Amino acid sequence: MPQIKAPKGTRDILPPETSAWQAVERAFASVCARFGYAEVRVPTFEHTELFQRGVGDTTDIVQKEMYTFPDKGGRSLSLRPEGTAGVMRAYVENGMPSLPAPVKLYYLISAFRYENVQKGRYREFHQFGCEAVGSAGPAIDAEMIGLLSVFFGELGLSRLAVRLNSIGCPACRPAYHEALRAYLRPRLGEMCGLCNERFDRNPLRVLDCKEERCQPAIEGAPAQLDHLCADCRAHFDGLKDELDRIGVPYSVDRRIVRGLDYYTRTVFEFVSENVGTQGTICGGGRYDGLVEEVGGPPTPGIGFALGVERLLMEMGAQGIPAAAPATVALYVAAVDEAAGGAARALCHRVRAAGVAAEAEWNGRGLKAQMKAANRMGARYVVVLGGDELAAGTARLKDMKDGSEREVALDRLPQELAAALK
RNA sequence: GUGGAAUUAGUUCAGUGGUUAGAGCGCCAGAUUGUGGAUCUGGAUGUCACGGGUUCAAAUCCCGUAUUCCACCCCA
């Protein structure tokens, strides 16, 4: 039979790597709980229209990167390309606008984008995310950035820069777009072809261009930050004050532009230099029009998405040791198959008493069992043979120093628990 | 969607036209009969990514496809 491989852009996460994943998942859940965020679990696929409306019809994500398919009932469904739209749909659908605000939610999901694969980018990838819905002021923006700062700190990550920007609101954005267009129009001749396309479609994107020839024009371009309305300006200044108060350093980067249509005002990123050109480990921002867009009452919100693959890559690059799989406390070896049954039964009893134990399942010899015990990092080994079974006692061997001591078999779970303290 | 590099054992890789395709690590077994880590000895495992072509002869040269990695685009 021809071999079947994982589809392009997907991969298997296997032990011992899964231990590292579990460790960051636990750390994230722990920080979220402390900050008052509760977990939500939402569907992996939604009606395509949700993403068209929520993420935005003009975005690359919706235009060319979605896994969209008709189901057998003729509905158009799409694998989620990100988490926020689905969570906001659930927020509205389940009456959460009537809960005390802000409603603070977090999630661990995989998301799907049909893109070409490269470093830090996959077709199925994993995100941690938070959403805080129902608070319009900048304090909640700062709380969220503070949450991330604590999370990264607890993982031992340093040197992650916080970049901050404001991209305005529907009130001040049109005027800025006009100013930007007016500035760019006479310079289009000296800029790359792509930027000329961007100029028509979404002039904000021009600011993101890395093309050498476009840099002079970009440097002098007006920034949204300098064209904020009074409310947006006050919000941005308020956020900076809040961040100063909680002691989170940041830099203002007036070129940050998020690729999703729903962002308003605050946008931010946590950036590293260790993830190839995919330096953004975490990106987020405010989305004050999104809830309304998916059919709810006008409600402000802010959230972020954090790329788990990129996070783990960054931890590796910063030399943070990956969490290791749990080790076995006791290995029950059997001299021969006559003692094998008793060994397996003892192993079961010890496990039932709450201690991680292993035994031999393929009838290999004693020496192979000792090797296996050593390799799996077993703390203690007990060897069962005819003598031990007759006497009801066996020697408990400490694999660290090789010392042995006599224990009664029926008291082994208690003895172990005491020895492991 | 575009471009570059790659694909050989479980894994990391060597092998650029000529016998039964190799190494390290890992795995299995043994080194006097019931005890791990070190060392030594032996062993198993390959449709050489897949499909075509050139040739007396292809892992090796050519074409196509897939996948991986890197970059563009964009984003987590």
Side-chain angles (χ1 to χ4, degrees), chain A residues 1-11 14 55 58-65 80-84 108-129 192-195 197-198 201-202 205 208-211 256-260 263 267 269-272 275-284 303-314 331 333-336 338-339 343 362 364-389 394-404:
Chain A
M1 291 287 279
Q3 203 193 126
I4 298 173
K5 297 194 286 187
K8 179 172 182 159
T10 68
R11 67 186 201 103
L14 307 170
V55 176
T58 68
T59 59
D60 277 13
I61 290 178
V62 168
Q63 280 192 340
K64 44 184 221 196
E65 294 175 3
R80 60 178 167 221
E82 56 97 54
T84 303
L108 318 174
I109 61 170
S110 59
F112 307 84
R113 291 183 200 169
Y114 190 87
E115 294 185 276
N116 260 343
V117 176
Q118 69 181 65
K119 192 176 180 71
R121 173 140 91 217
Y122 309 94
R123 289 187 169 180
E124 181 184 19
F125 60 101
H126 297 78
Q127 294 186 327
F128 297 161
C192 70
L194 215 64
C195 276
E197 280 176 43
R198 289 175 176 133
R201 240 180 50 204
N202 186 352
R205 293 249 150 272
D208 245 359
C209 187
K210 282 136 203 150
E211 202 69 41
I256 294 183
V257 176
R258 310 260 77 228
L260 289 70
Y263 285 113
V267 291
E269 295 182 345
F270 281 69
V271 182
S272 150
V275 194
T277 43
Q278 266 60 55
T280 306
I281 290 184
C282 172
F304 67 80
L306 187 159
V308 182
E309 286 84 358
R310 292 180 187 179
L311 172 69
L312 290 165
M313 228 178 270
E314 176 66 14
Y331 188 97
V335 165
D336 48 35
N362 284 323
R364 287 135 84 212
L366 180 60
K367 189 160 199 157
Q369 295 179 56
M370 292 302 294
K371 271 186 168 167
N374 184 58
R375 204 172 40 243
M376 70 179 68
R379 184 66 217 285
Y380 294 98
V381 170
V382 67
V383 179
L384 295 190
D387 300 347
E388 286 79 5
L389 294 177
R395 288 188 304 281
L396 184 64
K397 177 167 183 166
D398 186 331
M399 294 294 275
K400 280 212 172 98
D401 54 19
S403 65
E404 296 186 339

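If you're wondering where the values come from, they're calculated on a predicted model, not measured in any experiment. Excluded from the calculations below are hydrogen atoms, water molecules and symmetry mates; all remaining heavy atoms, backbone and side chain alike, are included.
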Atom-pair distance ([atom1] on [X]; [atom2] on [N]), nearest Å:
| X | N | atom1 | atom2 | value |
| --- | --- | --- | --- | --- |
| A:Gln118 | B:G1 | CD | C1' | 14 Å |
| A:Asp60 | B:G1 | CG | C1' | 11 Å |
| A:Arg364 | B:A29 | CZ | P | 6 Å |
| A:Met370 | B:G30 | CE | C1' | 18 Å |
| A:Leu311 | B:A76 | CG | P | 15 Å |
| A:Arg123 | B:A76 | CZ | C1' | 16 Å |
| A:Met376 | B:G36 | CE | P | 15 Å |
| A:Arg11 | B:A76 | CZ | C1' | 14 Å |

Answer yes or no: does a side-chain N or O of A:Arg375 lie under 4.0 Å from OP1 or OP2 of B:G37? no
Residue-phosphate contact under 4.0 Å: A:Lys367 side-chain N/O, B:G36 OP1/OP2: yes
Between [N] and [M], how many Å separate the two [atom1] atoms, rounded to a whole number?
| N | M | atom1 | answer |
| --- | --- | --- | --- |
| B:A23 | B:U41 | P | 13 Å |
| B:A6 | B:U60 | P | 14 Å |
| B:A5 | B:A9 | C1' | 24 Å |
| B:C50 | B:A59 | P | 11 Å |
| B:C69 | B:U32 | P | 48 Å |
| B:G64 | B:C27 | P | 43 Å |
| B:G43 | B:C25 | P | 16 Å |

Minimum-distance nucleotide (side-chain atoms of [X] versus [options]):
| X | options | value |
| --- | --- | --- |
| A:Lys8 | B:G34, B:U68, B:A76 | B:U68 |
| A:Asn374 | B:G34, B:G36, B:U67 | B:G36 |
| A:Val383 | B:U67, B:C74, B:U35 | B:U35 |
| A:Lys397 | B:A71, B:C75, B:G36 | B:G36 |
| A:Asn116 | B:A71, B:C74, B:G34 | B:A71 |

Hey, is the side chain of [X] pairing donor to acceptor with the base of [N] inside 3.5 Å?
| X | N | answer |
| --- | --- | --- |
| A:Glu388 | B:G34 | yes |
| A:Glu269 | B:A76 | no |
| A:Arg395 | B:U35 | yes |

Does the side chain of [X] reach to within under 4.5 Å of the side chain of [Y], using non-hydrogen atoms?
| X | Y | result |
| --- | --- | --- |
| A:Phe128 | A:Val308 | yes |
| A:Arg379 | A:Asp398 | yes |
| A:Asn374 | A:Met399 | yes |
| A:Arg113 | A:Ile61 | yes |

Would a distance-only check, ignoring hydrogens and angles, find a side-chain to backbone donor-acceptor pair under 3.5 Å from A:Asp60 to A:Gln63? no
If we ignore hydrogens and angles and just use 3.5 Å, is the side chain of A:Glu309 paired with the main-chain N or O of A:His126 as donor and acceptor? yes
Sugar-phosphate only, base, or nothing, as touched by [X] at under 4.0 Å among non-hydrogen atoms:
| X | answer |
| --- | --- |
| A:Ala373 | nothing |
| A:Asp336 | nothing |
| A:Phe128 | nothing |
| A:Gly129 | nothing |
| A:Gly377 | nothing |
| A:Glu82 | nothing |

Between A:Glu404 and A:Ala368, the residue closer to the 5' end of RNA chain B by nearest nucleotide is A:Ala368
Toward the 5' end of RNA chain B, by each residue's nearest nucleotide, A:Val117 or A:Lys371: A:Lys371
Looking at A:Tyr114, does the NZ or CZ of A:Arg123 lie under 6.0 angstrom from its six-membered ring centre and within 45 degrees of the ring axis? yes
Under a 3.5 Å limit for both distances, which nucleotide forms a Watson-Crick or G-U wobble pair with [N], could you say?
| N | value |
| --- | --- |
| B:U35 | none |
| B:A49 | B:U65 |
| B:G42 | B:C28 |
| B:U20 | none |

Worked verdict on A:Glu124 versus A:Thr10 for side-chain hydrogen bond (donor to acceptor under 3.5 Å, both in side chains): CA-CA 5 Å; A:Glu124 181 184 19; A:Thr10 68; 5.7 Å; no
